[in-house]
Amino acid sequence: GILLGSTMALLLDKSTGVIYSEDDLRQVVPLPILGRIPAPTATEQKSIEPAKVLQLAHRTDVPDSSSDVPAKAASNGKAAYIEDPFMEAFRSLYTNLRLSSIDRPLRSVVVSSVMASEGKSVTAIHLAEAAALLGKRVLLVDVNLRDPKVHSYLKLPNDAGLTELALGSTDAIQISQFFQEPIPRLKVISAGTARVDPGQVLTSNRFKQLVQQLQSKFDLVVFDAPALLGQSDAYLMAEQTDGMLLVAHSGQLKRSLLEQAMVQLRLSNTNIFGVALRDN
């Protein structure tokens with residue numbers, strides 16, 4: 001009876017067009033799947049809670065910046081990280097992102113999703129972390145001015161952030177005052193608290209100049225943007241960066257919503273590198 005009930009529930013979900021697999025995704029999205037993010041184990045699940053989202057935050061074993069190849073655990077006394085599938089998935093995702101940017105070196109990426117509950121902020125954080133652990137100078141910027149999450153996940157203050165910076169001067173000295181550094185090589189700019197119209201901020205000349213300055217100072221800038229449906233913020237950000245990474249959560253995202261988002265992405269002529277598919 002339990003097995004029959006579970007089977008019927010799965011068939012019902014299938015009939016409603018829920019995305020479960022890479023095959024389901026490929027039927028809607030003619031884009032490469034750049035990464036498959038496994039469901040975190042019980043131990044790793046704790047690492048994506050607000051206080052522990054950067055599970056490697058206090059390690060001193062960051063690989064040398066001259067190589068993108070993760071170091072193996074060593075027995076010669078030198079520091080070396082311990083591999084785990086969850087973080088390896090994000091290292092692979094970063095590598096595939098770089099390879100997908102064939103026209104020029106990857107310097108910036110907007111991370112978004114169709115719906116707000118698909119884990120895009122956690123994906124953006126771990127993607128930035130993975131690049132930093134591979135020796136890159138990385139900046140993570142929360143451009144979700146409607147419902148910012150990055151500072152909450154990382155337990156960082158949000159009394160001054162992107163909105164305050166965008167409304168003020170954008171000289172190099174002032175920009176550096178807004179950086180927070182949860183781990184070596186990774187700096188973060190939170191969303192800030194100033195009440196502003198997100199569309200007005202993201203399209204202002206001052207903000208565009210700020211984005212250009214940030215991209216010139218880091219090897220990679222990761223922008224955590226709002227979800228695609230119902231608002232234009234992610235599209236506006238994608239115009240100012242190298243492109244977008246789309247996060248899809250299997251078992252949650254409906255095909256009809258994904259199709260609707262893809263139509264909007266085509267109309268906006270947004271450059272999409274590919275999809276990161278998150279497992280349940």
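Note that the structure is predicted; figures quoted are calculated from it, not measured.
Note that CG of Leu228 is 9.0 Å distant from CD of Glu118, once rounded to the nearest 0.5 Å. If you take OH on Tyr235 and CG on Leu202, they are separated by 14.0 Å, rounding to the nearest 0.5 Å. The NZ atom of Lys136 lies 10.0 Å from the CG atom of Leu106; values are rounded to the nearest 0.5 Å. To the nearest 0.5 Å, the span separating NE2 on His151 from CG on Leu156 amounts to 9.0 Å. Atom CD of residue Gln213 and atom CG of residue Leu165 lie 8.5 Å apart, to the nearest 0.5 angstrom. Atom CG of residue Leu93 and atom CZ of residue Arg36 lie 13.0 Å apart, to the nearest 0.5 angstrom.
The main-chain N or O of Gly199 is found under 3.5 Å from a side-chain atom of Thr203 such that the two form a donor-acceptor pair. Asp219 contributes no side-chain N or O that, together with a main-chain N or O of Val138, makes up a donor-acceptor pair within less than 3.5 Å. Of the possible donor and acceptor atoms, none in the side chain of Ser250 sits under 3.5 Å from a partner among the backbone N and O of Ser21. At least one donor-acceptor pair closer than 3.5 Å links the side chain of Arg107 to the backbone N or O of Gln215. Here the side chain of Ser112 pairs a donor or acceptor atom with the backbone of Pro226 at under 3.5 angstrom. With Ser113 contributing its side chain and Ala116 its backbone, the two residues share no donor-acceptor pair below 3.5 Å. Checking side-chain atoms of Asp142 against main-chain N and O of Pro148 turns up no donor-acceptor pair under 3.5 Å. Counting only distance, with no hydrogens or angles, the side chain of Arg137 and the backbone of Lys217 share a donor-acceptor pair below 3.5 Å. Side-chain atoms of Thr163 come within 3.5 Å of backbone N or O of Ala194 as a donor-acceptor pair. For the pair Thr123 (side chain) and Val111 (backbone), a donor-acceptor distance under 3.5 Å is absent.
Note: Phe90 and His126 have tilted aromatic rings, judged against thresholds of 30 and 60 degrees for the angle between ring planes.
At least one side-chain heavy atom of Glu129 sits less than 4.5 Å from a side-chain heavy atom of Met87. At least one side-chain heavy atom of Phe273 sits under 4.5 Å from a side-chain heavy atom of Val109. For the pair Ile19/Lys254, no side-chain contact is recorded, criterion being any heavy-atom separation below 4.5 Å from C-beta on. Put simply, the side chain of Lys120 reaches to within 4.5 Å of the side chain of Asp224, judged on heavy atoms. The side-chain heavy atoms of Lys149 and Asp147, taken from C-beta on, include a pair separated by under 4.5 Å. At least one side-chain heavy atom of Ile33 sits under 4.5 Å from a side-chain heavy atom of Arg26. Annotation: side chain of Leu25 is in contact with side chain of Val275 (closest heavy-atom distance under 4.5 Å). Inter-residue side-chain proximity for Leu265 and Ile272 is flagged as met; some heavy-atom pair is nearer than 4.5 Å.
The shortest heavy-atom contact between Asn271 and Asp242 is ND2-O, 2.7 Å. Across every non-hydrogen atom of Ala225 and Asn144, the tightest pair is C-CB, 4.4 Å. The heavy-atom pair separating Val114 from Ala261 by the smallest distance is CG2-CB, 3.8 Å. Contact between Ala234 and Met244 at its shortest, heavy atoms only, is O-CE, 3.8 Å. The two residues Ala191 and Leu145 make their nearest non-hydrogen contact at O-CD2, 3.9 Å. Scanning all heavy atoms of the two residues, the minimum distance from Val18 to Gly251 falls at CG1-C, 3.5 Å.
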| message | The test is side-chain contact (heavy atoms from CB on, under 4.5 Å); show your working for Val201 and Leu162 and say whether it passes. | response | CA-CA 10 Å; Val201 170; Leu162 182 63; 5.9 Å; no
| request: List the steps, then state whether side-chain hydrogen bond (donor to acceptor under 3.5 Å, both in side chains) holds for Glu164 with Thr193. | output: CA-CA 7 Å; Glu164 286 77 15; Thr193 58; 3.1 Å; yes
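Residue-environment remark: CG (Asn269) stays at or below the threshold of 12 foreign heavy atoms within 6.0 Å.
Using a 4.0 Å cut-off between charged nitrogen and carboxylate oxygen, Asp24 and Arg255 do not count as a salt-bridge pair.
Phe179 and Phe223 fall within a single hydrophobic cluster, where Ile, Leu, Val, Met, Phe, Trp and Tyr side chains are chained together by heavy-atom contacts under 4.5 Å.
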